[in-house]
2 protein chains.
Amino acid sequence: MTTDMDVDQILTLFRDCVGGAHVLTAHEDTAAYTEDWRKKYLGKALAVVCPGTTDEVACVMRIAHAHATPVVTQGGNTGLSGGATPDTSGRQIVLSTRRLHRIRHIDTANDTVIAEAGVVLQALQDAARAHDRLFPLALAAQGSCTVGGNLATNAGGVAVLRYGSMRELTLGLEVVTPDGRIWNGLRTLRKDNTGYDLKQLYIGSEGTLGVITAAALKLFPRPKAMLTAMMALGSLGDAVKLLADARGALGPGLTAFEVISAPCVPLLARHYPALRWPFTESHPLVALLEITDHDSETHAREGLERLLVDAMERGLVVDGVVAESLAQSQALWSLRESISEAQGLEGAHIKHDICVPASSVADFVSQAEEALARDTPGARVAWFGHLGDGNLHFNVLAPEGADSKTFAARQGEINALVHDLVSACNGSISAEHGLGQLRRDENQRYKTPLELSLMRQVKAALDPSGLMNPGKVLASD
Amino acid sequence: MTTDMDVDQILTLFRDCVGGAHVLTAHEDTAAYTEDWRKKYLGKALAVVCPGTTDEVACVMRIAHAHATPVVTQGGNTGLSGGATPDTSGRQIVLSTRRLHRIRHIDTANDTVIAEAGVVLQALQDAARAHDRLFPLALAAQGSCTVGGNLATNAGGVAVLRYGSMRELTLGLEVVTPDGRIWNGLRTLRKDNTGYDLKQLYIGSEGTLGVITAAALKLFPRPKAMLTAMMALGSLGDAVKLLADARGALGPGLTAFEVISAPCVPLLARHYPALRWPFTESHPLVALLEITDHDSETHAREGLERLLVDAMERGLVVDGVVAESLAQSQALWSLRESISEAQGLEGAHIKHDICVPASSVADFVSQAEEALARDTPGARVAWFGHLGDGNLHFNVLAPEGADSKTFAARQGEINALVHDLVSACNGSISAEHGLGQLRRDENQRYKTPLELSLMRQVKAALDPSGLMNPGKVLASD
């Protein structure tokens, strides 16, 4: 354990390792690293240490290990579950990956890229595009979040339906172990069955098992055409049917299938009045579809229009628009991507990032809406998200005019109400945001003792000293 | 440890658990379970125990655990690395999953299936087809291999290019731990980030961490059309270029890209004279492409013919045929699928199941061919396989007329020659066959001490008694 005695000595060791300019201790320098993006968690760090190479990460970890200093690895600090925020003890260091920002290698013949943990997602997308390739992970925070954070949380986003989450996009990892050894697992192979697939443990482990310093990732050929459409529907059940029809008709050409519920629409109108909602009448929900095609825009448009006409003839879709230009496509996506911010501007709200099987999603939503109407009259249930993956951001807004603090105080009850229903559908209480601090204790309620015990066995095996991001994912001992 | 004293007592406990008819001890009953498919490994079992339910598996494991009896889990016994064969001690039991053959649930709205470990792969493909869905894993042994074996080895096959290996097709697992507890991780979710992804550890672990009893797997919409083509090429480098062109032009419509080298052709002619090779002239290699399409056969054919014409104009492809019927398609696939058996009929040969990045595959093959020509004059290098994944079955046949035993005795040297070159390309010495016994010791040569140490830490965490398939993947202590 760190004592007051040796703090200066430890800081000196870190400075020797990464250079004095890269060990931040002044409050004004560390403040951006010690509070999470949603400003729900405020911690305090012994120092923010910013290594510039994998060898420097290993050096930092050897010092931390020798001096029993807990390490919180942080990328873009855009997480939604407080997973990268230090605790309030002032004993933990933040290991920032921001200086690990090199794209080491792009292999277009193999369709792979090796990128360091601190590369910003959008920079990776841009680098792939510059080589006429696609790196498909796409999410709202892409201008700030990093590859390392995407790996640590197994990030999802809007293209999972077609390309999978970050886990499916990863072929290999470079990891520094808690005691400062470097594992070079940067293989760029599509098939490799030579023992336990260790990278799978680090992906999604939220920095609790080691420090991911670089990754070998898949690239894809860029489609020739991309089209966006918005379709108005009468019910969530109809949306699930439309999803099945679209998957059948378009196969992998269906790259996104998002939904927006009616209560989101007035929030957009109020807080983003410049955005134009494409429908004049009100509908229970709309679906936002993205179609990509390797043949031509003409072929994509034929497929999409055929789907829309068929769905309207079947009565599934009551109205629809197909974007005629990239600008129109971006305008439709802006509506989808502004909801989260609009909810923030609207005031107190309780977020849920849930996933249930597509076959259960309509029942889940109607049960949860009914239960909330009974439990919290006037609460506005404004859900939206990735129906193609069964993943909804099922957010509950305070009744209009209600006191924010009184509503916020009910978070635990409302979480339990929603998550108990999720659990009854064999669903997930964290589809793509991870557990961090936010869902750590709730997770104990929904996992079996055996699964929690297996998780603890893995943690003890790979981080026996318990110094990696303590208190995240699992409670500290 | 099992002693002579208590063998009868243990067998009685197993009989009480699964029924007397399902504990096999007579040599004629156990013989099919104690030798591997290639007849390279012959073991001896205390008994072959065949539980019929997950609860019975748990009961068997509690008995094995209490009496320190090692357990070798076996599915269809079609593995190529001796991973499911007991050792010669007679102390190990074979736990056969053959009676766990139920398909528990198919959810067409969610495109998922829950299947038990003993379901034969082809039965699963058929069940999916009966619900107008596709389960895409496809490999030569599909008429005999089981879902559990596919999971334990992370099976690959001919559709990995489009759909991934068994790992990518898996959403959840049910596993019995070495001490007989049942973990129900049968979630059918596309997104779930609520802690360590434990299923990833069991997938590909070859029965060394627990017993997989059931899995939740992805289904896909069935494409409307499937086309097959064979194209003759002048070099492997040209094949890699054709692969890139095909990926760009067809995107996910390219579902298989296989290659067959020239030395395979006379073997087919000799041992399968009824099969008709479609080209009259000799070529260094041919590629077998499969294209699927969600639009129509017309659209698929246009795309494929455009690719073929473009490739011929560029000089990449020197000759080509497109199957005009399902029968012609099957005839082309039969050529590909008969090579392995033809090599077996030809005589002594040394198999390698390697994977290298697509950008290295041509260099690797030419280096390995040159080295073998120097090292073993006359040896025939008859490679074939899944170029789309960088995975070649790089098999070396004895020189014509050579003594089989003399050649077979050189297996270790030839393995080292080939695998050292694979390793120099940052490749894999077992792309899809697993380590089993065959590659266990070689793997020590190519993995770093740190990676081996991490694997041992995982093994110790999940199988602390070391009773799960000892001596496979990792050497026994």
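Predicted, not measured: the structure shown is a model, and the values here were computed from it. Protein chains get the first letters and strands the later ones, always in sequence-line order, with residue 1 at the start of each.
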Examine whether an atom of A:Ile354 lies under 4.5 Å from a heavy atom of chain B, and if so say whether it belongs to the side chain, the backbone or both; otherwise answer neither.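 No part of A:Ile354 comes within 4.5 Å of chain B.
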Report the distance from atom CG of B:Asp295 to atom CG of A:Asp295, rounding to the nearest 0.5 Å.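 So the CG of B:Asp295 and the CG of A:Asp295 are separated by 8.5 Å.
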Taking all heavy atoms of B:Leu198 and all of A:Val458, pick out the closest pair and write down the distance.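 Smallest interatomic distance, heavy atoms only, reads CD2-CG2, 4.1 Å.
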Mind ranking B:Gly172, B:Ala460, B:Ala249, B:Gly253 by heavy-atom pairs under 4.5 Å with chain A and telling me who comes out on top?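 So the answer, after comparing B:Gly172, B:Ala460, B:Ala249, B:Gly253, is B:Ala249.
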Measuring heavy-atom distances to chain B, does A:Val356 have an atom under 4.5 Å in its side chain, in its backbone, in both, or in neither?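 Just the backbone, heavy atoms under 4.5 Å.
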Could you pull out the closest heavy-atom pair between A:Ser428 and B:Asp192, with the gap in Å?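 So the minimum-distance heavy-atom pair works out to OG-OD1, 2.6 Å.
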Is the NZ atom of B:Lys224 crowded by more than 12 outside heavy atoms at less than 6.0 Å?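 Yes - once you tally the heavy atoms of other residues, nucleotides and ligands closer than 6.0 Å, there are more than 12.
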Minimum-distance pair of heavy atoms, taken over all atoms of B:Pro221 and A:Gly248: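 Minimum heavy-atom contact is CB-CA, 3.8 Å.
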What part of A:Tyr446 is in contact with chain B, defined as an atom under 4.5 angstrom from a non-hydrogen atom: side chain, backbone, both or neither?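 Neither part, no heavy atoms under 4.5 Å.
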Between A:Val473, A:Val175, A:Asn426, which has the largest tally of heavy atom pairs under 4.5 Å with chain B?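 That would be A:Asn426.
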Given that the side chain runs from C-beta out, which part of A:Ser296 has a heavy atom under 4.5 Å from chain B: side chain, backbone, both or neither?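 For A:Ser296, there is no contact with chain B at all, as no heavy atom is under 4.5 Å.
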So how far is it from A:Ser360 OG to B:Asp107 CG, rounded to the nearest 0.5 Å?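 The CG atom of B:Asp107 is 7.0 Å from OG of A:Ser360, to the nearest 0.5 Å.
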I need the residue from B:Val160, B:Val361, B:Leu171 with the largest number of non-hydrogen atom pairs under 4.5 Å to chain A.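 Heavy-atom pairs under 4.5 Å are most numerous for B:Val160.
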Option passing side chain to side chain contact (heavy atoms under 4.5 Å, CB included) with A:Tyr196 (candidates B:Leu454, B:Leu462, B:Ile203, B:Leu209):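 Going through B:Leu454, B:Leu462, B:Ile203, B:Leu209 one by one, the side chain to side chain contact (heavy atoms under 4.5 Å, CB included) with A:Tyr196 is satisfied by B:Leu209 alone.
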What are the two closest non-hydrogen atoms of B:Thr188 and A:Pro357, and how far apart are they?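 So the minimum-distance heavy-atom pair works out to OG1-CG, 3.5 Å.
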Highest number of heavy-atom pairs under 4.5 Å with chain B: which of A:Arg162, A:His433, A:Arg306, A:Met455?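 Ranked by contacts with chain B, first place is A:Met455.
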Residues A:Arg187 and B:Glu451 bridged, charged N to O under 4.0 Å: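 Result for this pair is yes, salt bridge flagged.
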Top residue by heavy-atom pair count (under 4.5 Å) with chain B, among A:His299, A:Glu432, A:Gln457, A:Glu168?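 When all of A:His299, A:Glu432, A:Gln457, A:Glu168 are compared, A:His299 has the most.
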Distance (rounded to the nearest 0.5 Å) between A:Asn193 CG and B:Arg439 CZ: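 That separation rounds to 13.0 Å.
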For A:Lys459, is it the side chain, the backbone, both or neither that has a heavy atom under 4.5 Å from a heavy atom of chain B?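 Answer is both: backbone and side chain atoms of A:Lys459 are under 4.5 Å from chain B.
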Part of A:Thr153 lying under 4.5 Å from any heavy atom of chain B: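 Backbone only.
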Which atoms of A:Asp111 are under 4.5 Å from chain B, going by heavy atoms: the side chain, the backbone, both sets, or neither?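 The side chain, not the backbone.
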Using every non-hydrogen atom in the two residues, find where A:Ser359 and B:Asn110 come nearest and quote the distance to one decimal.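 Answer, listing the atom of A:Ser359 first, then B:Asn110: OG-CB, 3.9 Å.
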Proximity breakdown for A:Lys447 and chain B, heavy-atom pairs closer than 4.5 Å: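 Contact with chain B involves the side chain of A:Lys447 alone.
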If we define contacts as heavy-atom pairs under 4.5 Å, which of A:Glu302, A:Lys472, A:Glu206, A:His386 has the most with chain B?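 Going by pairs under 4.5 Å, I would pick A:His386.
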Would you mind telling me which of A:Thr448, A:Ile429, A:Leu201, A:Val240 has the largest number of heavy-atom pairs within less than 4.5 Å of chain B?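 Highest number of pairs under 4.5 Å: A:Leu201.
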Part of A:Asn443 lying under 4.5 Å from any heavy atom of chain B: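 Contact with chain B is through the side chain of A:Asn443 alone.
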Is any side-chain heavy atom of B:Arg167 closer than 4.5 Å to a side-chain heavy atom of A:Gln200?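 Side chain of B:Arg167 against side chain of A:Gln200, heavy atoms only: contact under 4.5 Å found.
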If you look at every heavy atom in A:Ser165 and B:Lys191, which pair is closest and at what distance?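 The pair with the smallest heavy-atom distance is OG-CG, 4.3 Å.
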Nearest 0.5 Å, what's the OG1-CZ distance between B:Thr194 and A:Arg440?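 It is 15.0 Å, given to the nearest 0.5 Å.
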Name the option with the most non-hydrogen atom pairs under 4.5 Å to chain B; the candidates are A:Ala461, A:Ala109, A:Ser430.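 That would be A:Ser430.
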Just so I understand: if I count every heavy-atom pair under 4.5 Å between each of B:Leu243, B:Leu474, B:Asp197 and chain A, which residue has the most?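 Answer, by heavy-atom pair count under 4.5 Å with chain A: B:Asp197.
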Interatomic spacing from CZ in A:Arg247 to CZ in B:Arg133 - rounded to 0.5 Å: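 So the gap between those two atoms works out to 8.0 Å.
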